[in-house]
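Please read the structure below before turning to the comments.
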Number of protein chains: 2
Amino acid sequence: MVTSITSDAVRERCAHCPGRSHSICNVIDDDELPILVAESARVQVAKGRAFIEEGTPAHEFYVLTEGRVKLFNLLPDGRRQIAGFAECGDFLGLAAVDSYAFSAEAICDVTLCRFSHSGIDRLTQRFPHLEHRLRDEASRELTIMQRRLVLLGRKTARERLATFLIEQSLPPCCAAPDLLEKEEKPIKIKLLMSRTDIADYLGMTIETVSRTLGVFKKEKLITVQGVTAVTLLAPHRLRAIAEGNG
Amino acid sequence: MVTSITSDAVRERCAHCPGRSHSICNVIDDDELPILVAESARVQVAKGRAFIEEGTPAHEFYVLTEGRVKLFNLLPDGRRQIAGFAECGDFLGLAAVDSYAFSAEAICDVTLCRFSHSGIDRLTQRFPHLEHRLRDEASRELTIMQRRLVLLGRKTARERLATFLIEQSLPPCCAAPDLLEKEEKPIKIKLLMSRTDIADYLGMTIETVSRTLGVFKKEKLITVQGVTAVTLLAPHRLRAIAEGNG
DNA sequence: TATCATTTTTGATCTAGATCAAGGAACTTA
DNA sequence: TAAGTTCCTTGATCTAGATCAAAAATGATA
């Protein structure tokens, strides 16, 4: 009786999980969810807390189910490069050979599902297509990385910020700015990260981020409400700038 | 009789393949090589020829078995970011969702094994651990990407070039500069790519590459014979510079 | 509601690295 | 061996973005 209740509760956990549809979990049928649940643990991480540290042995994967997380690397003197902002459904931990190649810190209060490597091994044994799904996930990340290299290596501050704004305007799981509709209504976005985070993500300083936003404002490309709310007035022009035209 | 000869010849092809031990092929037993061969085609690409073009539908993977390849992205106005230089044993094509996220061009005459996606699907069906091996390969690439983001986003020209020289001094398949012996004898390396390629890899200009090499020469960190031969006189100092100290 | 702390914006100045412009080397071709 | 080509180095100058320094806005605390 008790186990049955638990099992139901546990299935609920996945069934209602906001990450379910986008995450790797979407290759597991509903009726097999208990197996998934058995191999995972729900974890809460408070805003500002790091839960993966670069260089430590990688024994776990995470599926982000609620909140946002920043992934980053540090140089010995404190210079920081943010590799990305993970959101609901994202799979964390692929960028690791024996130890993690990055650190992860919660931007707000966060919920994750933690899987041990051995747990994932058991799951891939049981659900062979999960392994393929993981490869897909890795491929997706690699394509994102390619674009990021171009951004950091070859784009101007203006182009970087435009790219960032466009990225932020895209729905989760759609990481391809080019493949988007050309409709021209303003897009409201909420920046959930600080200017410092934006700067460290784009490889620039907070001052340049601030100034460039100022320029966009003057050019009527955006309006800013408060600090975190931005409206993209001319998404297609921003997209052009992001791609190196404009 | 003929088929038997072919089969032998074909097995030879893999058995003596310089990429065999490092590439994904190393998860296939010798006696199963014919299956691998049946799904692959040997391809030759002449120096300077591109064989993967960013944005085109991704239907194939490649294993590089001889020569070197540059992987890159272009902006519409011609700015170029080289994501990496592939070498013997490297697996190409993971950074693709439906279409390739990068272009690939032979730096010298090159030999590759081409696999169709469907061929790889058949192989992973037959050899389930191959799928895991592909994921590993992707993970390895992702860790390299992390380091590259730091380089492009946060390192100085000096640090970038030091990183590059150290990278080039590492044996193929060892992509972790930190994990290396501290021995201090000079290391001779051969740069197989042009200054332009180096610049586009490091996110700088050829002039800065040239000047920074000049600085390293003056500081007795390196000597240069001709254009392509470089001797690292003080690898550990270069390593320190690469990591952001020095 | 006032005070303090933090974050962001704005301004003034500086500089690493880009750009522009010649020279040199090194490779090709005849 | 000479004459192009192409690639690399070196020098002079410029500039995008960094750094330094306040002011303004936002948010937290009491």
Side-chain angles (χ1 to χ4, degrees), chain A residues 46-48 70 75 77-82 107-108 151-165 190-219 222-230 241 244 246, chain B residues 46-48 70 75 77-82 107-108 151-165 190-219 222-230 241 244 246:
Chain A
K47 174 174 177 165
K70 61 185 171 203
L75 285 172
D77 63 1
R79 276 174 288 173
R80 188 176 64 156
Q81 179 60 47
I82 294 184
I107 279 182
C108 52
L151 180 138
L152 294 175
R154 289 304 183 203
K155 286 189 181 177
T156 64
R158 186 178 164 77
E159 291 162 353
R160 292 177 199 209
L161 201 67
T163 306
F164 172 73
L165 291 173
K190 198 90 185 167
L191 302 179
L192 299 107
M193 65 294 286
S194 68
R195 294 290 188 267
T196 305
D197 284 349
I198 297 173
D200 285 348
Y201 176 62
L202 299 178
M204 34 203 265
T205 60
I206 49 170
E207 291 95 331
T208 305
V209 169
S210 198
R211 268 187 260 272
T212 308
L213 281 173
V215 172
F216 285 169
K217 263 192 274 188
K218 253 182 219 142
E219 297 178 352
I222 63 170
T223 58
V224 180
Q225 299 80 41
V227 181
T228 58
V230 178
I241 296 168
Chain B
K47 174 174 176 167
K70 60 185 172 204
L75 285 171
D77 63 0
R79 276 174 288 172
R80 188 176 64 156
Q81 179 60 47
I82 294 184
I107 279 182
C108 51
L151 179 139
L152 293 176
R154 288 304 185 204
K155 285 189 182 177
T156 64
R158 185 178 165 78
E159 291 163 352
R160 292 177 199 208
L161 201 67
T163 307
F164 171 73
L165 291 174
K190 197 92 185 165
L191 303 179
L192 300 108
M193 64 295 287
S194 67
R195 293 291 188 268
T196 305
D197 284 349
I198 298 174
D200 285 347
Y201 177 62
L202 299 177
M204 34 204 264
T205 60
I206 49 169
E207 291 94 333
T208 304
V209 169
S210 198
R211 268 187 261 271
T212 308
L213 282 173
V215 172
F216 285 169
K217 265 192 273 186
K218 254 183 218 141
E219 296 179 353
I222 62 171
T223 58
V224 181
Q225 299 80 40
V227 181
T228 58
V230 179
I241 296 169

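Note on naming: letters A, B, ... go to the chains in the order of the sequence lines (proteins, then strands), and numbering restarts at 1 for each one. Everything numeric here is computed off the predicted structure, so don't read it as measured data.
Of the possible donor and acceptor atoms, none in the side chain of A/Arg80 sits under 3.5 Å from a partner among the backbone N and O of A/Tyr201. Counting only distance, with no hydrogens or angles, the side chain of B/Arg79 and the backbone of A/Arg154 share a donor-acceptor pair below 3.5 Å. Side-chain atoms of A/Thr212 come within 3.5 Å of backbone atoms of A/Thr208 as a donor-acceptor pair (strictly under, hydrogens ignored).
The CG-P distance, from A/Leu161 to D/dG17, rounds to 11 Å in whole Å. Between the CZ atom of B/Arg160 and the P atom of C/dA18 there is a distance of 8 Å, given to the nearest Å. Distance A/Glu207 CD to D/dA23 C1': 14 Å, rounded to the nearest Å. Whole-Å rounding puts the A/Met204 CE to D/dA18 P distance at 7 Å. The distance from atom CG of A/Asp200 to atom P of C/dT8 is 12 Å, rounded to the nearest whole Å. Regarding A/Leu213, its CG atom lies at a distance of 17 Å from the P atom of D/dA25, rounded to whole Å. Put simply, CD1 on B/Ile198 is 8 Å from P on D/dC8, counting in whole angstrom units. Atoms CD1 (B/Ile206) and P (C/dG24) sit 18 Å apart, rounded to a whole Å.
You'll find that the side chain of A/Arg211 is closest to C/dT10, out of C/dT10, C/dA26, C/dT8. In this structure, of D/dA21, C/dA26, D/dT10, it is D/dT10 that holds the atom nearest to the side chain of B/Ser210.
A sub-4.0 Å separation between OP1 or OP2 of C/dA18 and a side-chain N or O of B/Thr205 is present. The side chain of A/Thr208 places an N or O atom within less than 4.0 Å of a non-bridging phosphate oxygen (OP1 or OP2) of D/dA18. Close to D/dT9, at under 4.0 Å from its OP1 or OP2, lies a side-chain N or O of B/Arg195.
Of the residues near DNA chain D, A/Ala157 and A/Gly226, the one whose nearest nucleotide (by heavy atom distance) lies more toward the 5' end is A/Ala157.
Between A/Met193 and A/Ile198, the closest heavy-atom pair is CG-CG1, 3.6 Å.
Here B/Asp200 contributes atom CG and B/Gln81 contributes atom CD; the two are 7.0 Å apart, rounded to the nearest 0.5 Å.
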